[in-house]
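What follows is a single structure, written as structure tokens, with notes after it.
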Amino acid sequence: MSAPFFFSHPALAFKAPAYQEAPQSAPNEAELQEHKHYRNMDGKTVHSPAHTKSGQAPPGASAKCGDGSYSFSLHHRGTCSRHGGVAEWL
């Protein structure tokens, strides 16, 4: 029986890309008018779209919705659904 054959060639080497989740700032609840959360497709708890008292984008917002609320979505799919769609990506 012969020894196993291992082929190693730099052009065929595969290295999985390093994955790091982008840090996301939690919004200051005192600045928001709504305080609900939902679990996203990755099982992470995310703040639901909310209006701010100042009208300015809060820390951690990823998009401004058509109804003027700010989304904290971690994925593009479904962002601002039921809030008039995405008006602007932040």
Show me the side-chain donor-acceptor pairs of residues 81-90 shorter than 3.5 Å, one per line, residues at least two apart or across chains.
unit_1 : atom_1 : unit_2 : atom_2 : d
S81    : OG     : G78    : O      : 3.1
H83    : ND1    : D67    : OD2    : 2.9

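Residue pairs that meet the disulfide bond (SG atoms under 2.5 Å apart) test with at least one member in residues 30-90, sequence neighbours left out, are C65-C80.
Residues meeting the side-chain contact (heavy atoms from CB on, under 4.5 Å) test with Q33, sequence neighbours left out: H51, K53.
Atom CD of E31 sits about 6.0 Å away from atom OG of S54, to the nearest 0.5 Å. H37 NE2 to T45 OG1: the interatomic distance, rounded to the nearest 0.5 Å, is 7.5 Å.
Here the options are H35, E29, K36, the test is side chain to side chain donor-acceptor pair (under 3.5 Å), and the partner is H47; only E29 passes.
A donor-acceptor contact shorter than 3.5 Å links the side chain of Y70 to the backbone of G55.
Closest approach of T79 to S71, counting heavy atoms only: CG2-OG, 3.5 Å. The shortest non-hydrogen separation linking F72 to V46 is O-CG1, 3.2 Å.
Between D42 and L74 the shortest side-chain heavy-atom distance does not fall below 4.5 Å. By the 4.5 Å heavy-atom criterion applied to side chains, N28 and P58 are not counted as neighbours.
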